[in-house]
Participant: 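Take this structure first; my questions come after.
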Amino acid sequence: MTTESELANHTVPINKIPKYYVDSVIRVLVIRRGSITPYKNSKHEGTYRTIILVDEEGIKIQATLFNKHIETWKDFLKPNKSYYIAKGRYDRVNPNYSSVHKEVELAFTDNTVIKETDHEVSTQNFSDGFLSLDAVDNLPNGSILDLIYILVSVNPIIQNATSKRREIVVTNELMEPTIVTLWGDFAENDGAFLDKLKDDKPILCLCDGVSIYKGRFGISTIPVSSVLINPIFQKAIDLRAWREIIEADNKDITVAPTKAMRRAIEVPLDHILDGLLPESQDSMYKFKATIVDILNKDEPWYFSGKTCRKKVKVIEEAAACTNCNIDNVEYAMRYCLRLEVCGGEKCTRVVLFEAANNLLGCNVQEYIQSTSIKKEECHYYRKLVLSKDKQFNFLVRIDLTDSNPHRSLIAEEIHQLEDQAPVILEEEVRSMRKYRKRAKKTTNAAAQFNQKKPKVAKD
DNA sequence: CCCCCCCC
């Protein structure tokens, strides 16, 4: 059974596979191919690679390649390609671990047949399950989620001895920028790829992600998640059309306040400095204040060790970290902008790390590069200097249980008061039909609609 | 035969 028509004749949906029956054929789309990972425990040693597959009904199954099978199938099971898989073994899922299917997982044997096919698996049913970011609020913490959103920005990877993580900012049609944390090889591989793509603001889907502590840590990947980049189904095309319209109106989706900022309790600066704060579930507070001085406007950055992010001393390319006690640590530039701000009767110092991106309008590498010659003419530098005497909203995290609070506040986010994010009415946003109509007239999304014969959006 | 759900 190796010809395409034979395979096609025996194909069944994943959910119709008889228990432990090895002669079922499935036709599946690869939505994730994990990196090759070594393992070693008391009984076994080797390498494995996880593959996530989805069939035409939108049912997912996790497959694992071990050892020699990784090499055997190295040119197969590539993301976004469709395959027939015959003579796989369907094992029961270990209930101790999450998987993308409740009951079965696919294992490869020496007899397994994999054949690439041009008969692509339709993602129509699969895409029905993807939710917008605002739907997360209505789900319990720890729910497994399938989300669709627009990439706004990609932060550098943060790694230590035991973990790798990377935060990305994504948004939706309600302009709700939200942080998604990528872990492990999602941070490393998918994250690096997204970093290159980010200026295109691609549409992304997160399959089987999780929302941990609602609001506070937001959404993150788990080991069985998948990240789809620029999928071609209707929901993604609609979201892209919306993005193009927003951009055509010269609204910048990257500057809207995040959910954390919107939800934070607003307090007068005096109350923060005097420790007179109401209880807040996620310790986030916001206050209005005017920037009265920029304390380090000539060099608002430092060399930051990649392990602990503390300041490192760089002498002839080698960076020594006194915090980690390493002589030669990897490092990168990081913003550290110190401001004097006043609100009400009181003034205080505020430090911006990543939030400086927001104020200056570019990342630290770009800032350093563009201010290295003729700084006074640099747009970003001028933006910084001109922020003086203007009023901003600051978002800070304050741990009420900390008996020794720091004197300078760390702002997680900053937004100038006059140019608050564009307010978009929910009804307007929800009317995808309207966007589609406008998109047809005004943007090159029209080309995609005409190609793809849109189905009527359910809503 | 793997199996990490982690963070200011």
Side-chain angles (χ1 to χ4, degrees), chain A residues 32-52 61-70 89 91-101 105-110 112 141-145 155-168 179-188 191 206-226 258 260 264 280 282-285 304 306-310 323 334-336 351-355 395-402 405-406 408-413:
Chain A
R32 169 161 173 79
R33 181 158 83 153
S35 48
I36 299 168
T37 310
Y39 68 91
K40 187 177 180 171
N41 56 40
S42 54
K43 285 182 189 161
H44 300 279
E45 190 175 345
T47 50
Y48 71 96
R49 160 175 259 179
T50 298
I51 313 282
I52 310 284
I61 188 165
Q62 181 179 330
T64 312
L65 290 162
F66 285 101
N67 304 316
K68 64 176 182 185
H69 295 133
I70 297 174
R89 199 183 65 230
D91 294 337
R92 197 179 283 281
V93 166
N94 181 336
N96 295 328
Y97 302 107
S98 52
S99 187
V100 295
H101 192 284
E105 270 177 22
L106 174 61
F108 296 89
T109 72
D110 290 348
T112 301
N141 283 355
S143 303
I144 303 286
L145 312 157
N155 286 329
I157 194 164
I158 298 164
Q159 48 188 320
N160 57 41
T162 52
S163 79
K164 286 177 188 151
R165 73 174 204 274
R166 187 198 290 267
E167 288 177 350
I168 63 171
I179 289 165
V180 173
T181 306
L182 307 178
W183 291 94
D185 71 329
F186 291 101
E188 205 165 19
L206 171 66
C207 306
D208 300 288
V210 71
S211 72
I212 328 174
Y213 309 117
K214 199 193 289 176
R216 180 159 183 176
F217 292 131
I219 298 155
S220 85
T221 63
I222 56 173
V224 298
S225 298
S226 304
T258 68
S280 154
D282 53 8
S283 315
M284 303 296 277
Y285 300 88
S304 158
K306 280 200 173 172
T307 327
C308 66
R309 301 214 274 174
K310 292 232 161 47
N323 186 57
R334 189 182 182 212
Y335 276 128
C336 178
V351 179
L352 308 188
F353 292 104
E354 273 61 39
L395 178 72
V396 291
R397 182 192 306 279
I398 290 163
D399 185 357
L400 297 177
T401 61
D402 187 351
H406 304 285
S408 54
L409 301 167
I410 296 170
E412 313 250 331
E413 218 172 296

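Order of the sequence lines fixes the chain letters, A, B, ..., with proteins taken first and strands second; residue numbering starts at 1 for each chain.
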Participant: From CG of A:N141 over to P of B:dC5, roughly how many Å is that when rounded to an integer?
Facilitator: 18 Å
Participant: Output, in order, the C-alpha distance, side-chain angles, deciding distance and verdict of salt bridge (Lys or Arg N to Asp or Glu O under 4.0 Å) for A:E354 and A:R334.
Facilitator: CA-CA 8 Å; A:E354 273 61 39; A:R334 189 182 182 212; 3.0 Å; yes
Participant: Within this structure, what is the CG-to-P distance between A:N94 and B:dC4, rounded to whole angstrom?
Facilitator: 11 Å
Participant: Kindly say whether, by distance alone, the side chain of A:Y97 makes a donor-acceptor pair under 3.5 Å with the base of B:dC2?
Facilitator: no
Participant: For a quick check, tell me whether the side chain of A:S98 and the base of B:dC5 share a donor-acceptor pair closer than 3.5 Å.
Facilitator: yes
Participant: Between atom CG in A:N96 and atom C1' in B:dC5, what is the gap in whole Å?
Facilitator: 14 Å
Participant: Atom NZ of A:K68 to atom P of B:dC1: distance rounded to whole Å?
Facilitator: 16 Å
Participant: Could you tell me whether A:E45 contacts a base, only the sugar-phosphate backbone, or nothing, with contacts defined as non-hydrogen atoms closer than 4.0 Å?
Facilitator: nothing
Participant: What does A:S99 touch in the nucleic acid at a heavy-atom separation under 4.0 angstrom: a base, only the sugar-phosphate, or nothing?
Facilitator: nothing
Participant: So, do A:F66 and B:dC1 meet the stacking rule of ring centres under 5.5 Å and planes under 30°?
Facilitator: yes
Participant: A:Y39 stacking on B:dC1: centroids under 5.5 Å, ring planes under 30°?
Facilitator: no
Participant: Where each residue is assigned the nucleotide of DNA chain B containing its nearest heavy atom, which of A:K43 and A:R165 is assigned the position nearer the 5′ end?
Facilitator: A:K43
Participant: Suppose the criterion is side-chain hydrogen bond (donor to acceptor under 3.5 Å, both in side chains): which pairs have a residue in residues 33-52 of chain A, not counting sequence neighbours?
Facilitator: A:S35-A:D185
Participant: For a quick check of understanding: with a heavy-atom distance under 4.0 Å over all strands, which category does A:N41 fall into, base, sugar-phosphate or nothing?
Facilitator: sugar-phosphate
Participant: Using the side-chain heavy atoms of A:N67, tell me which of these nucleotides is nearest: B:dC3, B:dC1, B:dC7.
Facilitator: B:dC1
Participant: Checking A:E412 now: which residues fulfil salt bridge (Lys or Arg N to Asp or Glu O under 4.0 Å) with it, not counting sequence neighbours?
Facilitator: A:R397
Participant: Rounded to whole angstroms, how far apart are CZ on A:R334 and P on B:dC8?
Facilitator: 11 Å
Participant: With no angle test and no hydrogens, is the base of B:dC8 tied to the side chain of A:E354 by a donor-acceptor pair under 3.5 Å?
Facilitator: no
Participant: Distance check needed: B:dC6 C1' versus A:W183 CH2, whole Å only.
Facilitator: 4 Å
Participant: For A:L182 and B:dC4, what is the distance between atoms CG and C1' respectively, to the nearest whole Å?
Facilitator: 15 Å
Participant: Starting from P on B:dC6, measure out to CD1 on A:I157 and report it in whole angstrom.
Facilitator: 19 Å
Participant: Is any side-chain heavy atom of A:I51 closer than 4.5 Å to one of A:L65?
Facilitator: yes
Participant: So which heavy atom on A:L182 is nearest to which on A:G191, and how close?
Facilitator: CD1-CA, 4.0 Å
Participant: Is it the case that the base of B:dC2 and the side chain of A:Q62 share a donor-acceptor contact (distance under 3.5 Å, atom types as modelled)?
Facilitator: no
